[in-house]
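Below you'll find the structure, written out as structure tokens, and then a few comments.
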Amino acid sequence: MTTNSDTPVNLKPTKIWKCKNADCKAWVRDEFSTTEQLCPICKGPMLRSMRHLPPVQNKVKSQPRKPKSEF
């Protein structure tokens, strides 16, 4: 795969869910899917699959803030 920039594309095998409906092109990364595996577009069933995608850096969950009185 080539891009317009000088940096190489780092693709990794990634688990996804893709829509079973041939007319629908929706897919979701496994880490962002919900417990009910329904297509977000057509609400049809989804299938597990793999794609080579660039890695996504998930944000670190922030710690709950302490009230000002505890400082």
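Positions are given from 1 along the sequence. The analysis underlying the following values was restricted to heavy atoms, covering all of them including side chains, and did not include hydrogens, waters or symmetry mates.
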Review point. Hey, quick one: are Phe32 and Trp17 part of the same hydrophobic cluster, counting side-chain heavy atoms closer than 4.5 Å, chains of contacts allowed?
Key: yes

Check your understanding: Side-chain contact, heavy-atom cut-off 4.5 Å: Lys18 with Val28?
Key -> no

Check your understanding: Which pair of heavy atoms, one from Asn10 and one from Pro55, lies closest together, and at what distance?
Key -> O-CD, 3.1 Å

Revision key, fill the gap. Taken to the nearest 0.5 Å, the spacing of Lys15 NZ from Ser33 OG works out to 11.0 Å

Exercise for review: Would you give the length of the straight line joining atom NE2 of His52 to atom NZ of Lys12, rounded to the nearest 0.5 angstrom?
Suggested key: 11.5 Å

**Study point:** Test side chain to side chain contact (heavy atoms under 4.5 Å, CB included) applied to Leu53 - qualifying residues, sequence neighbours left out
**Key:** Thr14, Ile16, Trp27, Arg29, Arg51

Review point. What residues form a side chain to side chain donor-acceptor pair (under 3.5 Å) with Asn21, not counting sequence neighbours?
Key: none

Study note, to complete from the structure: Residues Cys24 and Ile41: closest non-hydrogen pair is SG-CB, 4.0 Å

Check your understanding: Nearest heavy-atom pair of Leu38 and Lys43: which atoms, and what distance?
Key -> CD2-O, 3.7 Å

Point to revise | Heavy-atom closest pair, residues Cys39 and Met46 | key: CA-SD, 3.2 Å

